[in-house]
Amino acid sequence: MKNVTGRIHSVESFGTLDGPGIRYVLFLQGCPLRCVYCHNPDSWCAEGGQEIGSQDVVRDILRYRNFIRRGGVTLSGGEPLMQAEFAASILEGCREHGLHTALDTSGGVPLAQSLPAIEQADLLLLDMKAANDDLFRRVSGRGMAMSLDTLNAKADKTAADSTA
């Protein structure tokens, strides 16, 4: 696992809402959207939070292994895919230790940047902000094209994996 430096907003070591089971939830710093109902607006600024290496994050996660063994690890935010390389490294490290991983994303980052992290996650929790582009834009400040790209990429990968 390559050590990649990134920025975290906060950690929830006993999460029960961000994926199945009891989870270690890591909130990454930075978000390109400006959702009117955001519950973490203090995570928007990419320069905020705490700078840390992905190996240190995985080491901390492993301290909670007994509690999360039937759950796993969820990367959330902000928007974790704004730090796609950092996210992918953490997900890879978790996978090496047999931990289930989830990625909670709006899909608000171009697929060319985010795909390596998406492919590392066992579960994608895609937060579609609205069902049509106009409302999506009014709610988040951006259109829904990148979110749909993310959805389609994960669906294509899942379909390919099930036929292999």
Side-chain angles (χ1 to χ4, degrees), residues 2 4-12 15-21 23-49 52 54 57-58 61 71-95 99-164:
K2 179 180 169 187
V4 178
T5 301
R7 300 191 80 76
I8 62 170
H9 172 268
S10 57
V11 171
E12 184 176 347
T16 58
L17 301 174
D18 298 288
R23 306 192 72 80
Y24 182 105
V25 184
L26 183 67
F27 297 89
L28 276 62
Q29 194 68 34
C31 188
L33 304 181
R34 296 297 179 259
C35 299
V36 295
Y37 50 77
C38 180
H39 67 279
N40 284 335
D42 52 326
S43 70
W44 289 352
C45 176
E47 292 80 32
I52 189 168
S54 56
V57 171
V58 172
I61 290 168
V73 176
T74 300
L75 302 188
S76 189
E79 171 52 66
L81 295 176
M82 278 189 67
Q83 299 183 69
E85 186 181 8
F86 180 58
S89 180
I90 294 167
L91 294 169
E92 178 185 354
C94 290
R95 202 170 236 202
L99 297 172
H100 180 270
T101 59
L103 185 59
D104 187 355
T105 177
S106 69
V109 174
L111 195 56
Q113 175 185 341
S114 62
L115 192 57
I118 293 167
E119 289 179 340
Q120 283 289 334
D122 296 313
L123 176 64
L124 182 69
L125 303 170
L126 184 59
D127 184 5
M128 293 298 293
K129 304 300 181 179
N132 68 63
D133 195 63
D134 181 54
L135 183 56
F136 197 107
R137 201 171 289 283
R138 283 188 283 145
V139 167
S140 72
R142 295 229 178 145
M144 65 191 302
M146 286 187 281
S147 298
L148 291 174
D149 289 346
T150 299
L151 176 63
N152 292 330
K154 189 63 171 178
D156 291 347
K157 173 91 169 91
T158 301
D161 288 348
S162 69
T163 60

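- Remark: the backbone N or O of E47 is not paired with any side-chain donor or acceptor of Q29 at under 3.5 angstrom.
- In plain terms, the two heavy atoms of W44 and C35 that are nearest each other are CZ2-O, 4.0 Å.
- By the 4.5 Å heavy-atom criterion applied to side chains, I8 and L26 are counted as neighbours.
- Nearest approach of L91 to A117, heavy atoms of both residues: CD1-O, 3.4 Å.
- The shortest distance between side-chain heavy atoms of I118 and L111 falls below 4.5 Å.
- Residues satisfying the ring-ring contact (aromatic ring centres under 6.0 Å, His included) test with F86, not counting sequence neighbours, are none.
- Listed by chain and number, the residues in a side-chain contact (heavy atoms from CB on, under 4.5 Å) with N132 are D134, L135 (sequence neighbours excluded).
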### Task
Check step by step if side chain to side chain contact (heavy atoms under 4.5 Å, CB included) holds for I61 and L99.
CA-CA 10 Å; I61 290 168; L99 297 172; 3.7 Å; yes
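- A search for salt bridge (Lys or Arg N to Asp or Glu O under 4.0 Å) contacts involving D133 returns R137, not counting sequence neighbours.
- Between T150 and L115 there is no side-chain heavy-atom pair separated by less than 4.5 Å.
- Checked against salt bridge (Lys or Arg N to Asp or Glu O under 4.0 Å), E85 has the following partners two or more places apart in sequence or in another chain: K2.
- The two residues S43 and L28 have their closest heavy-atom pair at CB-O, 4.3 Å.
- Here CZ of F136 is found 7.5 Å from CG of L148. Values are rounded to the nearest 0.5 Å.
- T5 has its side chain out of reach of I52: every pair of non-hydrogen atoms, C-beta onward, lies at least 4.5 Å apart.
- Residues meeting the salt bridge (Lys or Arg N to Asp or Glu O under 4.0 Å) test with R7, sequence neighbours left out: E51.
- E79 and T105 share a donor-acceptor pair across their side chains, judged by distance under 3.5 Å alone.
- The salt bridge (Lys or Arg N to Asp or Glu O under 4.0 Å) test applied to R95 returns D122, not counting sequence neighbours.
- Note that CG of D104 is 4.0 Å distant from OG of S76, once rounded to the nearest 0.5 Å.
- For the atom pair OG of S10 and CG of N40, the computed distance is 6.0 Å after rounding to the nearest 0.5 Å.
- The side-chain hydrogen bond (donor to acceptor under 3.5 Å, both in side chains) test applied to D42 returns H9, not counting sequence neighbours.
- Note: F27 CZ to D18 CG = 5.0 Å, rounded to the nearest 0.5 Å.
- The two residues P41 and H39 make their nearest non-hydrogen contact at CD-C, 3.4 Å.
- For A102, the side-chain contact (heavy atoms from CB on, under 4.5 Å) partners at least two apart in sequence or on another chain are R23, T74, L123, L125.
- For the pair H100 and P20, the tightest heavy-atom approach, listed with the atom from each and the gap, is CE1-CG, 4.2 Å.
- Scanning for side-chain hydrogen bond (donor to acceptor under 3.5 Å, both in side chains) contacts around K129 gives D127, with sequence neighbours left out.
- Residues that satisfy the side-chain hydrogen bond (donor to acceptor under 3.5 Å, both in side chains) test with S147, not counting sequence neighbours, are absent from this structure.
- For S89, the side-chain hydrogen bond (donor to acceptor under 3.5 Å, both in side chains) partners are S54, not counting sequence neighbours.
- Sorted by first and then second residue, the salt bridge (charged side-chain N to carboxylate O under 4.0 Å, His left out) pairs with a member in residues 24-36 form an empty list; sequence neighbours excluded.
- Counting all heavy atoms, side chain and backbone alike, P110 lies closest to M146 at N-SD, 3.3 Å.
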